[in-house]
Amino acid sequence: MLTDRQVVLMRQKLMKGKTQQAAAAASDMSERSVRNWNKGPLPSEKKDSRRKSTRPDPFAGVWVEEVESLLEADVDRILAAPTVLEWLDERHPGRFNATHLRTLQRRIRDWRALHGPDREVYFEQKHPPGREAQMDFTHCDSLKVTIGGEQFDHMVFEFILSHSGWRYARICYSETFVALRSGLQGALWELGAVPEVVRSDNLGAATHKLKDGKGRDFNERYKEILDHYGLKATKTNSYSAHENGVAEQGHRRLKDSLAQALVLRGSSDFESVEQYAKFVRSIVDKRNRLVREKLAGEYPHLRALPPAPVPEYASYTARVLKWSTIRVDSRTYSVPSRLIGVMVDVRLYADHVEVYYKGHLVESMERIRGKGEARIDYRHIIGSLVRKPGAFARYHFREQLYPTHTFRLAYDAMWGWKGERANVDYVRILHLAATTMECEVERALKRLLQSQVRFDYAVVRELAAPVSPEIPALELSGEVDLGVYDGLLAGGAR
């Protein structure tokens, strides 16, 4: 079938004095077609505008009278065809059914195109090299990743250069300021350069509400990072994710790549978070290899890094309470009881917490993730608890004193046949785990639970306590001649 472009080209050739044979060859037509189409309407103008309907209009009598008034009132284009069809079925029982849905969808689409309200226009943007990077967090629960068989709830921070598409990704657990700082700095130092502007949405970690209620502004902690790197910052308007489109599309593409790579891998389970992080890094590296040439062209437009990064942690000062705990960032952490009453310095990293006293590191622990309120290490308090076992029953953080699920099962089993006396035995078992090896105590508890026999602290201790090694007695005959050693030293023993 001939196209308008072929006919126009053929007519242009004829107007320039070309023969019919030459015009036909230039426009990929036959000479007969040249004779037939050398004047008159174009092929598209000779087509019927619309075939006549082969069946009666199912919406006759209701479209103008009822449906159009609904569409005119729907200035935000909220109404969808299935809803309108249900509404019509209620008003005219038995007249409409699911076979009319496609027709109604076309009618609504065509009416809105001809008579509907104006739609929002999006403006394609140019991204000059070196000017902008966009960053954001995204939830990755849809990937269904597990660590050692346990569900791994996590997020990914992404930093993407708007011009070249180079990206950096980092696993995190929430949109905290520490995670934002670690992600932004990690990206800049891996890139080895700094763009002019960094763009984000209204991140709670980077912004705060203005007192007059008129929007949000960047907080002081985030401004300090921007000043350190000489960065300018912009943010989107509220509920306008498309204004951060590079990052939003980057999230979708990265998660699509990860999902497909997990299928090829054959499993979404990983032995450790570190192994999963390497997997994510490998996918990001593959995507970055596709933009190497474009990144090379962008590097001359980027600016140099400062001499050093800002610290990767947030600093706090806390007093150790009589509960042997500190409060950091609205969370409770236990520390060794010998620190009760003193002031300690706390460094809050993205994934762990460090506690210092007088410049000495005294404790390091995993940071609380998500909505957790406390992290209590039983080893910090067991020395006092074993002397006051009655406190266990109503201890505020009692659920934190089950190191593993096996310990909880053991406590429940003892409670079943010992009642409140189980508190004393369990606290002693916990003390045994703290003073020997937790894994050996847990192994003993598993054996006892599987055997379904009643047990107490004494039974567990007998199974779990390490056997004292036998030290052989040495018998020395006569006096030891130390001259042998003098000879070795004098001769330069090797």
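Keep in mind that this is a model prediction, so the values were computed, not measured.
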>> Can you confirm whether more than 12 heavy atoms, excluding those of E271, are under 6.0 Å from its CD atom?
In response: no
> Under 6.0 Å from the CZ atom of R109, do we count more than 12 heavy atoms belonging to anything else shown?
Replying inline: yes
> Which atoms form the tightest heavy-atom contact between S324 and P336, and what is the distance?
Replying inline: OG-C, 3.7 Å
>> I need the T146 OG1 to D153 CG distance, nearest 0.5 Å.
In response: 11.5 Å
> Is the backbone of V284 close enough, under 3.5 Å, to the side chain of R287 for a donor and an acceptor to pair up by distance?
Replying inline: no
> Considering the options Q185, R347, R181, which one meets the side-chain hydrogen bond (donor to acceptor under 3.5 Å, both in side chains) requirement together with E312?
Replying inline: Q185
> Is there a side-chain contact between E438 and Y378 (heavy atoms, below 4.5 Å)?
Replying inline: yes
> In terms of heavy-atom contacts, does NZ of K13 have more than 12 from other residues, nucleotides or ligands at under 6.0 Å?
Replying inline: no
> Is it true that a side-chain atom of S27 and a backbone atom of A23 form a donor plus acceptor pair closer than 3.5 Å?
Replying inline: yes
> Can you name the nearest heavy-atom pair linking L188 to V194, along with the distance?
Replying inline: CD2-CA, 4.3 Å
> Between D269 and S267, does any side-chain donor sit less than 3.5 Å from a side-chain acceptor?
Replying inline: no
> Is the shortest heavy-atom distance from the side chain of L14 to the side chain of V34 under 4.5 Å?
Replying inline: yes
> According to the salt bridge (charged side-chain N to carboxylate O under 4.0 Å, His left out) rule, which pairs have a member within residues 252-267, sequence neighbours left out?
Replying inline: R252-D256
>> I'd like to know if E196 pairs up with R303 as an ion pair, taking the criterion as any Lys NZ or Arg NE/NH1/NH2 lying under 4.0 Å from an Asp or Glu carboxylate oxygen.
In response: no
>> Set out, in order, the CA-CA distance, both residues' side-chain angles and the distance that settles side chain to side chain contact (heavy atoms under 4.5 Å, CB included) for T332 and H396, then state yes or no.
In response: CA-CA 12 Å; T332 298; H396 185 71; over 6 Å; no
> Is it the case that more than 12 heavy atoms not belonging to K223 sit under 6.0 Å from its NZ atom?
Replying inline: yes
> Between D76 (side chain) and I78 (backbone), is there a donor-acceptor pair under 3.5 Å?
Replying inline: no
> Where do V362 and Y357 come nearest, in terms of heavy atoms and distance?
Replying inline: CG1-CB, 4.2 Å
> What's the spacing between R319 CZ and I340 CD1 if we round to 0.5 Å?
Replying inline: 12.5 Å
>> Run W111 and E72 through side chain to side chain contact (heavy atoms under 4.5 Å, CB included) and show every step you take.
In response: CA-CA 10 Å; W111 185 91; E72 288 172 356; 3.6 Å; yes
>> Are F152 and I171 packed together at the side-chain level, in the sense that at least one heavy-atom pair is separated by less than 4.5 angstrom?
In response: yes
> Within a radius of less than 6.0 Å around CD of E399, do more than 12 heavy atoms belonging to other residues, nucleotides or ligands occur?
Replying inline: yes
> If you measure from CD on Q151 to CG on D141, what distance do you get to the nearest 0.5 Å?
Replying inline: 6.5 Å
> Crowded around H405 NE2? As in, over 12 foreign heavy atoms under 6.0 Å?
Replying inline: no
> Where do I381 and F397 land on the side chain to side chain contact (heavy atoms under 4.5 Å, CB included) test, with the steps shown first?
Replying inline: CA-CA 12 Å; I381 60 173; F397 299 116; over 6 Å; no
> By side chain to side chain donor-acceptor pair (under 3.5 Å), which residues pair with D351, not counting sequence neighbours?
Replying inline: none
>> Assess the residue pair Y222 and D217 against the criterion (side chain to side chain contact (heavy atoms under 4.5 Å, CB included)); give the C-alpha distance rounded to whole Å, side-chain angles, the decisive distance to 0.1 Å, and a yes or no.
In response: CA-CA 10 Å; Y222 185 52; D217 194 11; over 6 Å; no
> Could R221 and E224 be called an ion pair, given the rule that one side-chain N must be under 4.0 Å from one carboxylate O?
Replying inline: no
>> So which atom in I382 and which in A434 form the shortest heavy-atom distance, rounded to 0.1 Å?
In response: CG2-CB, 3.8 Å
> Which pairs with one or both residues in residues 278-311 pass ring-ring contact (aromatic ring centres under 6.0 Å, His included), sequence neighbours excluded?
Replying inline: F270-F279
>> Which residues pass the side chain to side chain contact (heavy atoms under 4.5 Å, CB included) test with A247, not counting sequence neighbours?
In response: Q134, D136, N244
>> Checking the side chain of E175 only, and the main-chain atoms of L203 only, is there a donor and an acceptor separated by less than 3.5 Å?
In response: no
> Between atom CG of L339 and atom NE2 of H380, what is the distance when rounded to the nearest 0.5 Å?
Replying inline: 9.0 Å
>> Main chain of P117, side chain of R77: is a donor-acceptor contact present, judged purely on distance under 3.5 Å?
In response: yes
> Taking atom CD1 of I368 and atom CZ of R375, what is their separation to the nearest 0.5 Å?
Replying inline: 5.5 Å
> For residues N202 and T207, is any side-chain donor paired with an opposing acceptor at under 3.5 Å?
Replying inline: no
> What closest approach, in Å, do L104 and A81 show between heavy atoms, and which atom pair accounts for it?
Replying inline: CD2-O, 3.5 Å
> With side chains defined as the heavy atoms from C-beta onward, is the minimum distance between M135 and L180 less than 4.5 Å?
Replying inline: yes
>> Could you check whether any side-chain heavy atom of R11 comes within less than 4.5 Å of a side-chain heavy atom of L42, counting everything from C-beta outward?
In response: yes
>> Just to verify, which of Y316, F177, Y313 counts as forming a ring pair (Phe, Tyr, Trp, His ring centres under 6.0 Å) with Y349?
In response: Y313
>> Quick test of your reading of the model: are R112 and D74 salt-bridged, counting only N-O distances below 4.0 Å?
In response: yes
> Can you list every pair that meets side-chain hydrogen bond (donor to acceptor under 3.5 Å, both in side chains) and has a residue in residues 162-171, with sequence neighbours left out?
Replying inline: E132-S162, E158-R167, S164-E298, Y168-R170
> Heavy-atom count around H228 NE2 within 6.0 Å, excluding the residue itself: above 12?
Replying inline: yes
> What pairs with D227 under side chain to side chain contact (heavy atoms under 4.5 Å, CB included), at least two apart in sequence or on another chain?
Replying inline: none
>> Less than 3.5 Å apart, any donor N or O on the side chain of H127 or Q125 sitting next to an acceptor on the other?
In response: no
> So, D329 and R331, do they make that salt bridge, N to O below 4.0 Å?
Replying inline: no
> Which pair of non-hydrogen atoms, one from V62 and one from E65, has the smallest distance, and what is that distance?
Replying inline: N-OE1, 3.5 Å
> What distance do Y173 atom OH and R367 atom CZ have between them, rounded to the nearest 0.5 Å?
Replying inline: 11.0 Å
> Does some side-chain heavy atom of V335 sit less than 4.5 Å from a side-chain heavy atom of V344?
Replying inline: no
>> Is the shortest side-chain heavy-atom distance between P129 and L302 below 4.5 Å?
In response: no
>> When you compare the side chain of L101 with that of P82, does any pair of heavy atoms fall below 4.5 Å?
In response: yes
> Does atom CZ of R106 have more than 12 heavy-atom neighbours, drawn from other residues, nucleotides or ligands, at distances under 6.0 Å?
Replying inline: yes
>> Using a 3.5 Å distance criterion without hydrogens, assess whether the side chain of H251 forms a donor-acceptor pair with backbone atoms of E248.
In response: no
